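Take a look at the structure below.
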Amino acid sequence: MPAPLPLPALHSSHAGTWLRDANGSTRGLSKGEAIMAAADTPALILNAPLVATRLGYPDLSGLDLLELYAFVFPAKFCVPTPKGLAHALGLEEPASDDAVPALLQTAAGAILEVCESENWEQRDGAWSALQSLTKARWPWAQVLAPHIRKPERAERWLFSKLPEWDESPERPQPAQIMMDDSEVEAQLERLTGEGAERRDGQRAYAKAVGKVFAPRSSQKLPHVLLAQAGTGIGKTLGYLAPSSLWAESAKGTVWVSTFTKNLQRQLRSESRRAWPEKRADGTQPVVVRKGRENYLCLLNLEDALQGGFGGRAAILAQLVARWASFSRDGDMIGGDLPGWLGTLYPKRGIAALTDQRGECVYAGCPHYRKCFIERAARASAQADLVIANHALVMINAARGRDHAQRPSRIIFDEGHHVFQAADSTFAAALTGAEAIELRRWIIGPERKTKGRRRGLAARLADVASYDDAGGEAVEAAIEAAQALPSDGWLQRLNDGEAYGPLEKLLGAVRALTYARDESGGQEAGYGIETEAAQLPGNFVQLAGEAEEALARIRHPLVKLGVRLEAIVEDAPDWLDGQGRARIEGARHSLAWRVDLIGAWESLLNRLGGPSDPQFVDWLAVDRSDAREFDIGIHRRWLDPMKPFAKVVLEPSHGVMLTSATLTDRGPDGKDWESAVAASGTPYIEVKPQMSSAESPFDYANRAEVLIVTDIKRGDLPALAGAYARIIEAAGGGVLGLFTAIRRLRVVHGRIADRLARAGLPLFAQHVDPIDTGTLVDIFRDDPRASLLGTDALRDGVDVPGESLRCVAMEGVPWPKPSILHRARRAAGGGSAYDDRLIRARLAQAFGRLIRSKDDKGHFIVLSAAFPSRLLSAFPERTPVIRLTLEEALQRVAEGVSGERRSAEVPALDIDEDEIPF
Ligand code: SF4
């Protein structure tokens, strides 16, 4: 047992607050006393922002063990709870809240012991980092200093330590091959391993997938497969088998695209069955690839380390630098950087270290050859399997830098999310926040901030001095960009002092949106919107002026693009390979901006005239907690699968969309028609193949759907009471799903303390200052914990086993009646469209409950009026029971038992619909 660190330790939960003094005696104390104590002497705490929220004292500071952990064990996973910390350090977990302060002291002692040990794996660079952290006044620096010895030889700093990537030749075209069924089956057997149970559904599925890889017979007509794959059929290996076989035989690259990070992680591990970690030549056959905004930008980090970040953010930069030298791939969002690290520091610290705004200078960057983003891009060009996400695949197809790297064989797993991803990828939004980004990209930041954030002139200084026309175009763009909103625009709009055509237009958007607000105060504090129709003359005039101003920015940018192209084609002597790559990079980002401005112009152009039925346009003021944060005009495709079909499907050779909920199951059975319509294939006149494999899970005996009919809609105290009692009856392990953040917060506020006192911790999205991925980790780690959340949890939680025993929905998940929804509802068949949406949501939510054949549990909907026509959302044979809360609690407390149920209740016991649509 390590010696505890003799410093006071503070812990606060919903059940109370405890302080242990340096001498080892623990006492409970009031929040006020705790705040005073922490102000007197810095105390050991775990997750300062969370403790601060519990104490209601945002300025709380202390010695946060999570920061210490991040320093000593960079890139190592830890669930940020007392129990999680104990597990990560091999200590005994605390039995109760009052034992936590003692654990914090022991954990700190244990971590310091590691620093002294010869076997500390992450020692390299620690001493040097600590010197910088001392200067940055990191509270832990003084405590750590005596435990980390100075190395005999100077440590190399991160930027010289990271390996360089190698340039590699382009991959030749894949061979055109046919795979026969027996080969696919043999490959599947190889991957599932000898002795694995033979699953016919999985075999049929794998063979159907194999057909997607056949040579295409007509240009622009890819093979498309829509594959409904019930949970548990072994879908991943089912498609990895034909994919790996094709990649090996054809020497081509297969892209598997997912929506959630969970599935990416799972794919990474399952792909090990088909491919080794590295090939004989050291290259990687499997590469995970994400959007560039996910990765650490080394140039941004260097700026941050050299004074670009101050105060607490400077400490974050040092810890990120520690992590970067141990990271697998530099992925900051969902990779091996702990998700909780960013939440310990000022907002946007992590985002500022990524390349969010396309400011990359490519080969002009001193770290180009070590850049994580460039490394991932190069590795994926040589890979057999690229694991990506829907957004990246679509962005890559729409505006990828390199045609040769565009995916041609794509498997969209979690295919039911393709619509949503296409919806945001092909959207246009002219908002203040977007416009100010463009301004900064062209002009550079207004305030004299430290660091490299520079405008176009600085980035292309050499071009401007060499090529007069190019130089003039840069100047003209900078001058025209003065018309864009600048810092403080929201305040100026509030004060009625909008400056320039764009700010004036945004002022008019704001005024009109408030004028037409029909929410009757219901949306107080949240976003409001109004349709872009029947716009007054002065509004249309302002839109016209803004459109002209945008055109004045776009023209010189187009000219500049032409000049850059000319320079690359007729290269001057000074233009070496690096310079050429930099100009290529600049051309790419220019083209992207030119397209963006063009989309804004066409959006504005439409405002005065007849509306285009392909699009839905609206004006919106985005607010959070009654604070406005953005204002603008939005445009979505009525059906985003139309551009998806053109941009993604048409150029591909083979595409599959697969999911457990690809097809709707209406009262009349499986609905392939709407699945085909939603796939985008009708736009390119491709007839997709269809396949379906049913889940092998025994839903009849392992799950129950309980529809609780005595909680009235809108009765928040009753709703909160019901949640508390369900969580108590289940003994935790409840995932509570809400459609409105407001109600989630009220329910959490009413019940968290009561549950905590019963030893049932409750966590909540939008309440706890913890990122969603970490909340799920915490939930997974503690079978007595429960978690409340909204959409992201309904779709992305994969918690097999004991930790998730019950899913409780606050009601029927009706779609939010937004302007966009209204338009799609009208185009999609009215209430039938809504029914499909709701069934899909219910099916997704239900899907969280049974993740493996050994899982069992209850799915509860608190709804006095649950229409029968929605019940087909649940897997066939799942018992559905309408009952009172009391009866439901009894069933939850007893647990699911197929034997009891089949003896006692009918499999289906449904009233008639109570509310007509
Ligand atoms: S190449 Fe671009 S993304 Fe990479 S480190 Fe340099 S500036 Fe950042």
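Read the numbers this way: they start at 1 and go in the same order the structure lists the ligands and their atoms. Just so you know, residue 1 is the first one in the sequence shown, and it goes up from there. Values in this document were obtained by computation on a predicted structure and should not be read as measured data.
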Near atom 8 (Fe) of ligand 1, is there an N/O/S atom from Cys297 that is less than 2.8 Å away?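 Here the distance criterion (N, O or S atom, under 2.8 Å) is met by Cys297, so yes.
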Residue [X] vicinity, atoms of ligand 1 by number, heavy atom under 4.0 Å:
| X | result |
| --- | --- |
| Cys371 | 1 (S), 3 (S), 4 (Fe), 5 (S) |
| Ile373 | 3 (S) |
| Leu299 | 5 (S), 7 (S) |

Within the 3.5 Å criterion, strictly below it, is a donor on [X] or [Y] matched to an acceptor on the partner's side chain?
| X | Y | answer |
| --- | --- | --- |
| Thr258 | Asp413 | no |
| Arg156 | Ser160 | no |
| Thr283 | Gln382 | no |

Electrostatic pair Asp384-Arg171, nearest N-O below 4.0 angstrom: yes
Taking it one step at a time, do Arg593 and Glu437 satisfy salt bridge (charged side-chain N to carboxylate O under 4.0 Å, His left out)? CA-CA 11 Å; Arg593 265 40 182 232; Glu437 284 293 300; over 6 Å; no
Do any N/O/S atoms of His367 come under 2.8 Å of atom 6 (Fe) of ligand 1? no
Any idea which part of Arg292 is under 4.0 Å from ligand 1, heavy-atom wise: side chain, backbone, both or neither? side chain
